[in-house]
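Working notes for the structure below.
So you know, we letter chains A, B, ... as the sequences are listed, proteins then strands, and number each from 1.
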There are 2 protein chains.
Amino acid sequence: MTETAPRPTLEAVAARAGVSRATVSRVVNGSEGVRERLAERVRRAVEELGYVPNQAARSLVTRRHDAVAVIVAEPETRVFADPFFARQLRGISKELTAHDNQLVLLLTEDRDDHERVGRYLAGGHVDGALVFSLHIDDPLPGLIQRAGLPTVFGGRPDWSGGRGDVVYVDSDNRGGARDAVRHLLGLGRSRVAHITGALDQTSAVDRLDGYRDVMAGADPRLVVEGDFTAASGERAMRELLGRCPGLDAVFAANDLTAAGALRVLREHGRRVPEDVAVVGFDDMLPIAEQTEPPLTTVRQDIEEMGRLMARLLLRELDRTTGTDGPPSGVVLPTTLVRRASA
Amino acid sequence: MTETAPRPTLEAVAARAGVSRATVSRVVNGSEGVRERLAERVRRAVEELGYVPNQAARSLVTRRHDAVAVIVAEPETRVFADPFFARQLRGISKELTAHDNQLVLLLTEDRDDHERVGRYLAGGHVDGALVFSLHIDDPLPGLIQRAGLPTVFGGRPDWSGGRGDVVYVDSDNRGGARDAVRHLLGLGRSRVAHITGALDQTSAVDRLDGYRDVMAGADPRLVVEGDFTAASGERAMRELLGRCPGLDAVFAANDLTAAGALRVLREHGRRVPEDVAVVGFDDMLPIAEQTEPPLTTVRQDIEEMGRLMARLLLRELDRTTGTDGPPSGVVLPTTLVRRASA
DNA sequence: CTGAAAGCGCTAACAG
DNA sequence: CTGTTAGCGCTTTCAG
């Protein structure tokens, strides 16, 4: 049954309905101005024949594809270490679907992939792109710029010297970090350490900045660099315990890191939160609820971020004319979720 | 800069190289039989103009899209609760990319989505489909069958009365479960309980069957139904403790469930593995290594599953003629990973 | 080995 | 309001 039954064409429907192709096209595309009687006849013919428009033919003339590329730059540890990625995709998918757009997923791992992606984007298969997980000096933005595709970034890109017209959606990493640290301070802690994320990503830098906003003038040895993995959380925690045995709180750049830190704390006989209070970031459910004790953390609405990215892009695509660019950056709020660890 | 620079066409390249469109097409598509001198000239022209073929135009005539749909049926708890999904996607993406195929992601949530997916598939946008997470009596297979698209399923579909020509890739769930239970028995345990997964999925049923293979004749109260979530693991564990206080081992249908069980065990003062040994399934890293104690579990190579699915589909698509169908089912082996919990 | 010509299925002016 | 007429950019016989 590999026989691909030759699908009916517009022509066939037109013949059956006794009208011209143009009329069928109008009905199918919902154009106004077709007498109801005819429209009805056409609809019946479509139904009977099981007609489905050929997208390739349509794209050829409209130059629209109703498809958006989602580009995820790997190896992005977080992407495959937690459900972050899936959540965001879900948000994007929902929004895209609601507007009859398809989601073309492009995962990139190395240089070659970048070239491939560049070619793909240039090939005009999609109307726009959603891009994630940029690291500092990633070549992707350049490639995309060159392809001249409307693009929305997930997470603030690190273009310090940047042009102002970059559209992105980000969480309020800095504000969330401040909340976390203030919460710790509010608990009466004073020697609050911070385990950072991978500092080649703006999210990690922003969280560190938030920490510093509140802890200005604190002992710099209270900050140790991590990379968002649980392993880095363990390593960093050990180092912290060695350097500053007196610390009484830790703000970890994400939940995975916090989980690692928690383990080391327990190993060393420090009780959480009695001796050391711990706060994470992300509120990655299967992690945050699973730790011992459950993690107090900063939640960001991942799915909403995805949805918003898609919405911004679609809006941009629909702007047939009006040249008033969309907002260049949207920052979503975060909320502190209190569990047992702090 | 929304000006979409009109991309060069075959025509333009032909003009520049001083040949016909047909010749350019041959060179671009790597057809044999173009004098090297001309071919070279064409390649240069392509390079200079930055020509990239228009896929829509090409598809219109070839009826190939070099694109594959990946359909994930939600709400599939596991999909968003663990990195399973991402891993599998990565495997698929790699394989597809290696063969210049694109990945179109279709997430479905409810009835409406099914219709939409059916339309999409029928619309001839993709050459084939990869389908995941089928539950019993999911309408998807029917829709796909109707669209007449070559398809490979992830996980054995539950078509008991089924036609023999279903192609799927699955893990050896039953064998893995047997290994897990035997391991427990080998540890000297005898009252081995099982917390099942969602029994409307074949993976859960197969794991239960594996358990029964080894524990034939065991007290039926040792089996409690779960649904692959950590919450169900907690609930089930509580129930088990109530029913069979003497149990000395638990085989959980997946790591998340095991993590939940572990928590309840600790709550009740049972030491793991001394009092109760626990084995999970999946080897979902961020979970399995994070539990207290780290989880002994059955590992399946998720990424390889994805890669294999893609490979089977591509092979099917390339079969221009030979009607010897591909293997109807491929089952990948699992391995027991020993950590501290058993 | 290369070019000319005929569409693939659809939309979008433009007439009527 | 509806039909006619051109293509969109590319592949693919079929001649030469």
Side-chain angles (χ1 to χ4, degrees), chain A residues 4-43 45-46 49-67 100 119 122-127 320, chain B residues 4-43 45-46 49-67 100 119 122-127 320:
Chain A
T4 297
R7 300 192 299 99
T9 72
L10 244 206
E11 184 83 50
V13 178
R16 175 146 198 145
V19 299
S20 74
R21 273 156 38 195
T23 299
V24 178
S25 175
R26 289 184 186 109
V27 173
V28 170
N29 295 305
S31 292
E32 291 301 304
V34 174
R35 204 163 316 196
E36 186 47 30
R37 244 177 59 76
L38 276 198
E40 188 43 44
R41 228 159 67 207
V42 169
R43 277 192 288 268
V46 165
L49 264 33
Y51 169 75
V52 181
N54 177 318
Q55 185 62 34
R58 181 181 277 174
S59 292
L60 187 53
V61 31
T62 60
R63 272 113 201 304
R64 273 283 295 222
H65 304 267
D66 296 316
D100 268 306
R119 260 205 320 282
H125 305 244
V126 294
D127 304 321
T320 22
Chain B
T4 296
R7 302 192 298 97
T9 72
L10 244 206
E11 184 83 49
V13 177
R16 175 146 197 145
V19 298
S20 75
R21 272 156 40 195
T23 299
V24 177
S25 175
R26 288 183 187 112
V27 173
V28 170
N29 294 305
S31 293
E32 291 301 304
V34 174
R35 206 164 315 201
E36 185 48 30
R37 245 176 59 75
L38 276 198
E40 188 45 42
R41 227 158 68 206
V42 170
R43 277 192 288 269
V46 165
L49 263 33
Y51 168 75
V52 181
N54 178 317
Q55 185 63 34
R58 181 180 277 176
S59 292
L60 186 53
V61 31
T62 62
R63 274 112 201 308
R64 273 284 294 222
H65 304 267
D66 295 316
D100 269 306
R119 260 206 321 280
H125 306 244
V126 295
D127 304 321
T320 23

Check whether Asp127(B) reaches the backbone of Arg64(B) with its side chain - one donor and one acceptor, N or O, closer than 3.5 Å. no
Range on DNA chain C touched by chain A, heavy atoms, distance below 4.0 Å: dG9(C) to dA13(C)
Of all heavy-atom pairs between Ala17(A) and Ala45(A), which one has the smallest distance, and what is that distance? CB-CB, 4.0 Å
The helix from dC1(C)-dG16(D) to dG16(C)-dC1(D): angle between end helix axes, five pairs per end, rounded to 10 degrees: 40°
Sequence-distant partners of Ser25(A), side-chain hydrogen bond (donor to acceptor under 3.5 Å, both in side chains), two or more places apart: Asn29(A)
Rounded to the Å, how far apart are Glu11(B) CD and dT11(D) P? 13 Å
Given Val42(B) and Arg26(B), is the side-chain contact (heavy atoms from CB on, under 4.5 Å) satisfied, shown in steps? CA-CA 10 Å; Val42(B) 170; Arg26(B) 288 183 187 112; over 6 Å; no
Which heavy atom of Gln55(B) sits nearest a heavy atom of His65(B), and at what distance? NE2-O, 3.7 Å
Here the residues of residues 12-27 of chain B within 4.0 Å heavy-atom distance, strictly under, of DNA chain D are Arg21(B), Ala22(B), Ser25(B), Arg26(B)
Pick from Leu38(A), Val34(A), Val46(A), Val19(A): which one makes a side-chain contact (heavy atoms from CB on, under 4.5 Å) with Val27(A)? Val34(A)
Could you check Leu10(B) against Val24(B) for side-chain contact (heavy atoms from CB on, under 4.5 Å), going step by step and ending with a plain yes or no? CA-CA 7 Å; Leu10(B) 244 206; Val24(B) 177; 3.0 Å; yes
Distance in angstrom units between Asn54(B) CG and dC10(D) C1', rounded: 8 Å
Between Tyr51(A) and Arg35(B), which residue's closest nucleotide on DNA chain C lies nearer the 5′ terminus? Arg35(B)
Enumerate the residues from residues 60-67 of chain A whose closest heavy atom to DNA chain D is under 4.0 Å, giving them by residue number; use none for an empty result. Leu60(A), Val61(A), Arg63(A)
Is there a side-chain contact between Asp66(A) and Asp100(A), using heavy atoms and a 4.5 Å cut-off? no
Please enumerate all residues that pass ring pair (Phe, Tyr, Trp, His ring centres under 6.0 Å) together with His125(B), with sequence neighbours excluded. Tyr120(B)
Hey, are Glu40(A) and Arg43(A) close enough for a salt bridge, meaning a charged N less than 4.0 Å from a carboxylate O? yes
